[in-house]
Asker: 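Structure in structure tokens, see below.
Side chains are part of it too, since the values below use all heavy atoms of this structure and drop only hydrogens, waters and symmetry mates.
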Amino acid sequence: MIEQCANIWGKVKSQNPLVHCITNYVTVNDVANTILASGASPAMVEHPAEAFDFANIAGSLYLNLGTLTGEQEEAMIEAVKGANYKSVPLIIDPVACGVIPRKVEVINKISANGKISVIKGNAAEIKSLAGVEAQAKGVDSLDTGEDLDEVCKELAIKKGIVVAATGPIDVIADDKKMAYISNGTNLFGTITGAGCMVGGLVAACIAVNPDDVFIATATAICAFNIAGERAIKIAGRNPGTFRVIFYDLLYNLKSNDIMREAQIKWV
């Protein structure tokens, strides 16, 4: 399966897939730069009158609920309709859904208008969506991640989707498989938007591998984490330097690097 991940990463770089993003204002530039560094092409089209048509031509659609406005919500629904019309994979980032009930209402509305392929969030967000008690502070998870794998599995089966929970060890689940990714660095917690960035990267990988979104999701999170591990070796514990070097190293990350450095346990 590592070979599949390496092949997907190579396809992102060679095929330059178009990724339609409607994401939060705090991190929109970070998400765009991450997608660009992967080799994919980001487009932040969020006018309600444009969203349906654009989602039609994209390779995937990434929706991030972080700073959700009324106009964004309207655009998201139009984009979901467009994506559903052409079977474009849909990735949801349910930012702060555990502390703002409206986010869950929007996710339900999205689900009623199209098929969700992946929900990616932190431990608190995923547990909240599963109806499990979790601890969060705004957009940040304070949850210890206890029983997170079981929660991801149950939510994946219930919704018929892939569920990815990021944290010290990332967990990915569908109805049959699990993956645990140990690569990464806690320095991601010192920069704004790391979760949003990896969400955009998931969308980039799924755009070239829509028939197996589980493997594509694992590829994205693993590649993101390996670039972070490499960046901290150069930047040390300096968040500003880390951010800049991270983009360079993600841009230069090769398929062979994933083959050599991935720390994934498949279950």
Asker: Around atom CG of Leu36, are there more than 12 heavy atoms from other residues, nucleotides or ligands closer than 6.0 Å?
Answerer: yes

Asker: Looking only at non-hydrogen atoms, find the nearest pair between Gly193 and Thr27 and report the distance.
Answerer: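 Shortest heavy-atom separation between Gly193 and Thr27 comes out as CA-CG2, 3.3 Å.
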
Asker: Say whether Met44 and Ile22 are linked into one hydrophobic cluster, either directly or through other cluster members, by side-chain heavy-atom distances under 4.5 angstrom.
Answerer: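 Looking at the clustering, Ile22 is in a separate group from Met44.
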
Asker: State which residues pass side chain to side chain donor-acceptor pair (under 3.5 Å) with Asp174; sequence neighbours excluded, sorted by chain then number.
Answerer: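 So Asp174 forms a side chain to side chain donor-acceptor pair (under 3.5 Å) with Lys177.
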
Asker: Indicate if Val12 and Val118 have the same hydrophobic cluster label, given that clusters are the connected sets of ILVMFWY residues with side-chain heavy-atom separations under 4.5 angstrom.
Answerer: yes

Asker: For Pro210 and Ala207, work out which heavy atoms get closest and say how close.
Answerer: CD-O, 4.0 Å

Asker: Any chance you could measure Glu74, atom CD, to His47, atom NE2, to the nearest 0.5 Å?
Answerer: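 The CD atom of Glu74 sits 8.5 Å away from the NE2 atom of His47.
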
Asker: Please walk me through it: do Ile161 and Ile119 pass side chain to side chain contact (heavy atoms under 4.5 Å, CB included)?
Answerer: CA-CA 8 Å; Ile161 60 174; Ile119 289 182; 3.7 Å; yes

Asker: Is there a donor-acceptor pair under 3.5 Å between the side chain of Asn84 and the backbone N or O of Val80?
Answerer: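 Flag not set: sc Asn84 to bb Val80 has no pair under 3.5 Å.
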
Asker: Distance check, rounded to the nearest 0.5 Å: Asn7 atom CG versus Ile2 atom CD1?
Answerer: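 Going from the CG atom of Asn7 to the CD1 atom of Ile2 covers 11.5 Å.
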
Asker: Any chance you could lay out the side chain to side chain contact (heavy atoms under 4.5 Å, CB included) test for Lys265 and Ile169, step after step, and finish with the verdict?
Answerer: CA-CA 10 Å; Lys265 177 183 176 184; Ile169 295 179; over 6 Å; no

Asker: Indicate yes or no: at least one non-hydrogen side-chain atom of Lys115 is less than 4.5 angstrom from one of Leu90.
Answerer: no

Asker: What I'd like to find out is whether the side chain of Val132 reaches to under 4.5 Å of the side chain of Glu154, using heavy atoms alone.
Answerer: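 The answer is no; the side chains never approach within 4.5 Å.
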
Asker: Is Val162 reachable from Ile107 through a run of I, L, V, M, F, W or Y residues, each pair having side-chain heavy atoms under 4.5 Å apart?
Answerer: no

Asker: Check whether Gln72 reaches the backbone of Thr23 with its side chain - one donor and one acceptor, N or O, closer than 3.5 Å.
Answerer: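 Side chain of Gln72 to backbone of Thr23, a donor-acceptor pair under 3.5 Å: yes, one is there.
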
Asker: At what distance, to the nearest 0.5 angstrom, does CD1 of Ile226 lie from OG1 of Thr185?
Answerer: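 The distance works out to 13.5 Å.
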
Asker: Work out which heavy atom in Cys205 is nearest to a heavy atom in Ala216; give both atom names and the distance.
Answerer: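 Minimum heavy-atom separation between Cys205 and Ala216: CB-O, 3.4 Å.
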
Asker: Quick check: closest heavy atoms across Ala164 and Ile172, and the distance to 0.1 Å?
Answerer: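 Smallest heavy-atom distance, with atoms named: CB-CG1, 4.2 Å.
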
Asker: A side-chain contact here means heavy atoms from C-beta on lying under 4.5 Å apart; do Pro42 and Val31 qualify?
Answerer: no

Asker: Can Cys97 and Leu129 be said to form a side chain to side chain contact (heavy atoms under 4.5 Å, CB included), step by step?
Answerer: CA-CA 7 Å; Cys97 66; Leu129 287 176; 3.7 Å; yes

Asker: Please walk me through it: do Arg243 and Asp30 pass salt bridge (charged side-chain N to carboxylate O under 4.0 Å, His left out)?
Answerer: CA-CA 9 Å; Arg243 177 188 292 274; Asp30 299 303; 2.6 Å; yes

Asker: Using a 4.5 Å cut-off on heavy atoms from C-beta on, say whether the side chain of Cys5 contacts that of Ile215.
Answerer: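 The answer is yes; the side chains approach within 4.5 Å.
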
Asker: With hydrophobic residues grouped by side-chain heavy-atom distances under 4.5 Å, do Val104 and Leu68 end up in a single group?
Answerer: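 Yes, it is one cluster - the side chains of Val104 and Leu68 are joined through contacts under 4.5 Å.
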
Asker: Restricting to non-hydrogen atoms, name the atom on Ile35 and the atom on Cys21 that form the minimum distance, rounded to 0.1 Å.
Answerer: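 Looking at all heavy atoms of both residues, the shortest contact is CD1-SG, 3.5 Å.
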
Asker: Measure the shortest side-chain to side-chain distance between Leu250 and Leu201 over non-hydrogen atoms and say whether it is less than 4.5 angstrom.
Answerer: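 Yes, close enough: below the 4.5 Å cut-off.
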
Asker: If I take atom OG from residue Ser128 and atom CD1 from residue Ile100, how far apart are they, to the nearest 0.5 angstrom?
Answerer: 11.5 Å

Asker: Determine, stepwise, if the pair Asp149 / Met178 fulfils side chain to side chain contact (heavy atoms under 4.5 Å, CB included).
Answerer: CA-CA 8 Å; Asp149 50 356; Met178 301 277 293; 3.3 Å; yes

Asker: Is any side-chain N of the basic residue among Lys153 and Glu150 closer than 4.0 Å to the acidic one's carboxylate O?
Answerer: no

Asker: I'd like to check Ile91 versus Leu63 (side-chain heavy atoms, cut-off strictly below 4.5 Å). Are they in contact?
Answerer: no

Asker: Do the side chains of Tyr85 and Ile110 join up, straight or via other hydrophobic residues, at under 4.5 Å, putting them in one cluster?
Answerer: no

Asker: How would you list, by chain and number, every residue that makes a side chain to side chain donor-acceptor pair (under 3.5 Å) with Lys254, sequence neighbours excluded?
Answerer: none

Asker: Using atom types as modelled and distance alone, determine if a side-chain donor or acceptor of Ser255 lies under 3.5 Å from a backbone N or O of Ala6.
Answerer: yes

Asker: Nearest 0.5 angstrom please: Lys13 NZ to Asn252 CG, how far?
Answerer: 7.5 Å

Asker: Within a strict 4.5 Å, meaning less than it, do heavy atoms of the Cys152 and Leu148 side chains meet?
Answerer: yes

Asker: Answer whether the closest heavy-atom distance between the side chains of Val171 and Tyr180 falls below 4.5 Å.
Answerer: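 A side-chain contact under 4.5 Å exists here.
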
Asker: Please list all pairs meeting side-chain hydrogen bond (donor to acceptor under 3.5 Å, both in side chains) that have one or both residues in residues 218-239, counting only residues at least two apart or in different chains.
Answerer: Asp170-Asn225, Asn183-Glu229, Asn186-Arg237, Arg230-Asp257, Arg230-Glu261

Asker: Could you tell me whether the side chain of Tyr62 and the main chain of Cys196 form a donor-acceptor pair under 3.5 Å?
Answerer: yes

Asker: Can you list every pair that meets ring-ring contact (aromatic ring centres under 6.0 Å, His included) and has a residue in residues 231-267, with sequence neighbours left out?
Answerer: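 Output for this query lists Phe188-Phe242, Phe188-Phe246, Phe224-Phe246.
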
Asker: Which pairs pass salt bridge (charged side-chain N to carboxylate O under 4.0 Å, His left out) with one or both residues in residues 90-114, sequence neighbours excluded?
Answerer: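 For residues 90-114, and leaving out neighbouring residues, the salt bridge (charged side-chain N to carboxylate O under 4.0 Å, His left out) pairs sorted by first residue read Glu73-Arg102, Glu73-Lys109, Asp93-Lys120.
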
Asker: Only pairs under 3.5 Å count here: list side-chain donor-acceptor contacts from residues 53-60, not counting sequence neighbours, and write none if there are none.
Answerer:
unit_1 : atom_1 : unit_2 : atom_2 : d
Asn56  : ND2    : Phe52  : O      : 3.2
Ser60  : OG     : Ala203 : O      : 2.7

Asker: Nearest heavy-atom pair of Ser111 and Ile116: which atoms, and what distance?
Answerer: CB-CD1, 4.2 Å

Asker: To the nearest 0.5 Å, tell me how far Lys127 NZ sits from Leu155 CG.
Answerer: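 Lys127 atom NZ to Leu155 atom CG measures 13.0 Å (nearest 0.5 Å).
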
